[in-house]
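Reading through the structure tokens given below for one structure.
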Amino acid sequence: MDKRITLKNTSYIAFLLDKNEEKLKDINRTFGVDTIFRGGDVIISGNEDDVERAFLFFQDIDRMISEGQYISKKDFENILKTVDAKDVRVETIFATETLHGKAKKIVPKTVAQRNYIEAIKNNIITVCIGPAGTGKTYLSVAMALFYLLKKKVKRIILSRPAVEAGEKLGFLPGDMYEKVHPYMRPLYDALYDILDMDRVNRLLNQGRIEIIPLAYMRGRTLNDAFIILDEAQNTSPAQMKMFLTRLGFNSKAVITGDITQIDLPSAEKSGLVDIRETLSFVEGLKIVYFTKDDVVRNPIVTKIIEAYERKEAK
């Protein structure tokens, strides 16, 4: 039988296929069909069941793109492999409980982001390592708010080491809160992007959201909390151990960082690098990796990361 589907995002899907006949052949092999692109239409030929599976594949991809889902070429390849291996719908690969923000539904935009969210749900500690622009911090804050608003935890603790490009807190004017505020600004930005400013400020004033530098975590035990340590590449192993041992009952922790942007003195080992070697086999702790393929900022960010990688490889 033949079946035709009219695509709304033909140019994007052509981009994913990379104008590459081999990738089209991969689709044909996966579903056991023949496909022909004709303008904005795809004509699918084969037996009824195979044609229906291929039709749903193109339909799901087209709808997800229309809904604002970012799919990279690498994601497209992974989706095809997953659909082939597990005989599942594309939409189920990305399906996850979502947080409804002030003006949008927050969903994973790549396969790796979806895996990140699932790791947070299924583990006590999730470590996410990857380059800038992959959603490490934003999604962790979104998940923290999701847990707080669903009353799965009683408070959120957001923390960062106050180490940036060799600068030290003592060089900044003002009291402790004024000194640390510039370091915490990205965490505030994520909160205000997801929820209304008034609601965020109310949660801050109630102490249900607390934003503190890592140094002020020492000596605390945190129960019923969702704790995020951001920019963790700038922690020492001792600081990382201190942070991890703050966890109390019914708490969840997410640690994020980019090991290519360590601002510690060259002789000092990063706690984020150390955690991979020391704790990778601890049950209840999951390490998730993002790559440049997961960047969801301006496409030039991916090109910049690639340029630095080429330079470092020489």
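Position 1 is the first residue of the sequence, and the numbers go up from there.
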Return the set of residues passing ring-ring contact (aromatic ring centres under 6.0 Å, His included) with F57 (not counting sequence neighbours), or none when no residue passes.
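F57 satisfies ring-ring contact (aromatic ring centres under 6.0 Å, His included) with F31, F76 once adjacent residues are dropped.
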pair [X]-[Y]: side-chain heavy atoms closer than 4.5 Å:
| X | Y | answer |
| --- | --- | --- |
| L191 | L203 | no |
| Y116 | T256 | yes |
| L229 | P161 | yes |
| I129 | K136 | no |

Within 6.0 angstrom of [X] [atom1], more than 12 heavy atoms from elsewhere:
| X | atom1 | result |
| --- | --- | --- |
| R218 | CZ | no |
| I124 | CD1 | no |
| E283 | CD | no |
| E277 | CD | yes |

In Å and rounded to the nearest 0.5 Å, what is the [atom1] to [atom2] distance from [X] to [Y]?
| X | Y | atom1 | atom2 | result |
| --- | --- | --- | --- | --- |
| L149 | L195 | CG | CG | 6.0 Å |
| S159 | I211 | OG | CD1 | 10.0 Å |
| D34 | N28 | CG | CG | 5.5 Å |
| I36 | I43 | CD1 | CD1 | 5.5 Å |
| Q233 | D258 | CD | CG | 6.0 Å |
| L272 | I262 | CG | CD1 | 7.5 Å |

Is [X] salt-bridged to [Y], cutoff N-O under 4.0 Å?
| X | Y | result |
| --- | --- | --- |
| K3 | E52 | yes |
| D274 | K269 | yes |
| R53 | D49 | no |

Please say whether the positively charged group of K252, taken as NZ for Lys or CZ for Arg, lies over the ring of F226, i.e. under 6.0 angstrom from the six-membered ring centre and within 45 degrees of the axis.
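Verdict for F226: no cation-pi partner in K252.
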